2 protein chains.
Amino acid sequence: MLTEPAAPADRRELIPNAVLAVDVVVFTVRQAPLKEAFQVLLVNQRSEDGMTRWALPGVLVRPTETFAEAARRALLEKAGLDAATWYLDQLATFGEPTRDSRGRVASIAHIAVVRSDDLILRPGADVKATEWCPVSRVEERVLAFDHAEMIRVGVQRIRSKLRYSWVAFQLLDPEFTIPQLRAVYAAILDPSLERLSTGNFKKAMRPLFESGVLQNIGRASTGRRGRPRDLYRFVGPVTGTRERELPW
Amino acid sequence: MLTEPAAPADRRELIPNAVLAVDVVVFTVRQAPLKEAFQVLLVNQRSEDGMTRWALPGVLVRPTETFAEAARRALLEKAGLDAATWYLDQLATFGEPTRDSRGRVASIAHIAVVRSDDLILRPGADVKATEWCPVSRVEERVLAFDHAEMIRVGVQRIRSKLRYSWVAFQLLDPEFTIPQLRAVYAAILDPSLERLSTGNFKKAMRPLFESGVLQNIGRASTGRRGRPRDLYRFVGPVTGTRERELPW
DNA sequence: CCAAAAGTGTTCTCAATACACCCATGT
DNA sequence: ACATGGGTGTATTGAGAACACTTTTGG
């Protein structure tokens with residue numbers, strides 16, 4: 001299946017016919033109005049037409065490098081982020097023949113989900129600026145290539161993942177409260193979840209409490225008025241999946 | 001994002017660094033014991049080591065061709081199948097650096113779901129044989145490259161799709177019966193579904209009846225003993241999705 | 001008329017939601 | 001004390017599963 005129709009010679013070297021790239025859609029949830037808390041990482045850099053343009057962080061894949069390695073390198077070289085331990089997922093491959101005027105390029109888009117509070121963005125050598133952009137505002141931007149489409153597909157993917165897996169905990173401190181957890185779901189899935197009562201929310205998380213991977217570890221010290229929030233810790237692997245999908 | 005670190009020259013041609021291929025995982029449900037009804041298309045052909053080996057149908061991507069076009073061409077050239085109207089979905093891209101000893105190859109795996117009753121398999125010029133292989137028996141085969149992994153991922157994907165979309169109807173005649181429809185779900189998801197009563201099964205399909213896309217169009221003529229089955233027609237697009245996932 | 005295969009309807013269970021009530025803190 | 005934000009428990013609703021019952025055919 002890897003030989004062209006009229007080329008049954010077997011030990012021949014294959015001749016490269018395309019350029020492989022990776023782009024990474026990094027999602028986070030940040031301190032911001034609920035509608036704008038769900039954000040994606042963009043970098044501003046020179047485009048193939050000489051203009052500067054917003055884009056996803058990405059690099060060309062090196063010959064001996066896996067896609068995941070290339071994706072981590074993209075984050076390091078473009079935004080100064082050490083993604084060595086981040087959970088990365090392959091999203092989809094974008095490679096319309098007309099995608100790039102300089103040749104046939106296939107970009108294997110990846111997705112990452114991270115807590116951004118302690119992260120410091122450091123634009124790479126060829127990068128003018130880096131920023132977190134609210135997903136709800138991406139449409140206002142003109143993005144390079146088909147990066148807008150990548151983000152669109154990425155948003156669908158993370159919404160789906162949030163419903164059947166535990167990625168949400170990757171967006172929180174090791175110690176967090178129920179309202180914080182709920183806010184993550186509200187920011188990504190549906191703002192109206194913000195009004196879901198603690199009890200009903202905890203019921204949706206019941207399997208986690210029962211299996212002991214979500215533990216109550218006391219009270220948070222309060223700064224505000226009202227009863228202080230309970231503190232929880234998630235001790236399970238974030239890569240696990242739910243048996244039943246969440247109904248939201 | 002498409003320039004290597006020390007190559008900011010913009011109008012330069014990009015130098016191909018990899019070979020792009022597509023492989024297609026074609027699923028069907030065939031007349032067979034329930035455990036073996038869910039099948040996948042394999043082709044037997046010469047491999048890069050000179051031996052003959054079972055593999056998924058695949059081709060190298062041509063410069064001006066989309067991935068979907070290449071996938072359809074793979075089915076035509078390898079198995080003589082006209083996939084012009086088939087619904088194709090991108091599955092994932094497989095490109096471990098060590099995947100193929102002849103160079104860096106990235107294969108964009110695709111998935112297709114078809115009714116195979118009227119299909120005639122015609123092995124291509126470089127193909128020794130083509131066959132439908134029960135998914136439950138794939139493990140017994142030694143497959144080329146990472147094609148076993150592609151099938152594994154493909155099975156997950158179609159199982160998921162069956163639960164939230166209407167792909168099942170792609171596997172049936174235009175006119176079909178409830179037991180036939182149930183058999184499709186049973187073959188792909190869980191044999192025990194075969195014992196689900198018609199009533200409960202129809203309840204799961206309720207949104208389809210209510211929206212009128214699933215219509216009762218009379219009785220099937222019976223050959224067997226017992227009450228003849230009701231005939232149904234599906235008039236909606238198979239690409240639509242359910243609001244709620246099926247519980248199975 | 002009986003057996004077999006399909007289809008219908010009822011009941012039971014359990015999960016998702018709504019909502020009323022209780023708790024702990026700052027002012 | 002009381003207003004405010006957080007948490008618990010209970011009632012109501014609705015969906016899924018089990019199963020008994022009816023329908024329609026062949027033998």
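A quick note: this is a predicted structure, and the numbers were derived from the prediction, not measured. In what follows, every chain begins at residue 1, and chains take the letters A, B, ... in the order their sequences are listed.
- Projected onto DNA chain C by closest heavy-atom contact, A/Leu196 and A/Gly226 fall at different nucleotides, the more 5' of which corresponds to A/Leu196.
- Between the side chain of B/Gln39 and the main chain of B/Glu36, a donor-acceptor pair closer than 3.5 Å is present.
- Residues from residues 198-220 of chain B placing a heavy atom under 4.0 Å of any atom in DNA chain C, listed by number, are B/Thr198, B/Gly199, B/Lys202, B/Lys203.
- Interface limits on DNA chain C: the 5'-most and 3'-most nucleotides within less than 4.0 Å of chain B heavy atoms are C/dA4 to C/dT10.
- Contact check for B/Arg72 versus B/Leu88: side-chain heavy atoms found under the 4.5 Å cut-off.
- Annotation: side chain of B/Asp230 is in contact with side chain of B/Arg219 (closest heavy-atom distance under 4.5 Å).
- Within the nucleic acid shown, A/Thr177 has no heavy atom closer than 4.0 Å to any nucleic acid atom.
- With contacts defined as side-chain heavy-atom distances shorter than 4.5 Å, the pair B/Phe27/B/Val135 qualifies.
- Within the 4.5 Å cutoff, no side-chain heavy atoms of B/Leu162 are placed close to those of B/Leu246.
- Taking A/Glu69 as the reference, A/Glu65, A/Thr66 meet the side chain to side chain contact (heavy atoms under 4.5 Å, CB included) condition, with sequence neighbours excluded.
- Between B/Leu42 and B/Leu143, the closest side-chain pair of non-hydrogen atoms falls below 4.5 Å.
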Quiz item: So A/Arg141 and A/Arg137, side-chain contact (heavy atoms from CB on, under 4.5 Å) or not? Walk me through it.
Solution: CA-CA 7 Å; A/Arg141 296 289 178 84; A/Arg137 291 256 171 109; over 6 Å; no
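- Reading DNA chain D from its 5' end, the first and the last nucleotide to sit under 4.0 Å from a heavy atom of chain B are D/dA15 to D/dG26.
- Within the 4.0 angstrom heavy-atom criterion, no nucleotide atom of any strand lies near B/Arg244.
- Nearest-nucleotide mapping onto DNA chain D: of A/Ile178 and B/Glu245, the residue sitting toward the 5' end is A/Ile178.
- Looking only at side-chain heavy atoms (C-beta outward), B/Asn216 and B/Phe209 stay at 4.5 Å or farther from each other.
- Residues B/Arg224 and A/Leu231 both approach DNA chain D. Their nearest nucleotides, taken by heavy-atom distance, put A/Leu231 toward the 5′ side.
- No side-chain heavy atom of B/Arg242 sits less than 4.5 Å from a side-chain heavy atom of B/Ser165.
- The closest side-chain heavy-atom distance from A/Val235 to A/Leu214 is not below 4.5 Å.
- Scanning residues 181-189 of chain B for heavy-atom distances under 4.0 Å to DNA chain D yields an empty list.
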Just distance, no hydrogens or angles: give the donor-acceptor pairs under 3.5 Å from side chains in residues 168-191 of chain B, sequence neighbours left out.
| from | atom 1 | to | atom 2 | distance (Å) |
| --- | --- | --- | --- | --- |
| B/Asp173 | OD1 | B/Arg115 | NH1 | 2.8 |
| B/Thr177 | OG1 | B/Gln180 | N | 3.3 |
| B/Gln180 | OE1 | B/Thr177 | N | 3.2 |
| B/Arg182 | NH1 | B/Leu196 | O | 2.6 |
| B/Asp190 | OD1 | B/Ser192 | N | 3.0 |
| B/Asp190 | OD1 | B/Ser192 | OG | 3.1 |
| B/Asp190 | OD2 | B/Ser192 | OG | 2.9 |

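- Taken from CZ in A/Arg206 to OG in A/Ser211, the straight-line distance is 11.5 Å, to the nearest 0.5 Å.
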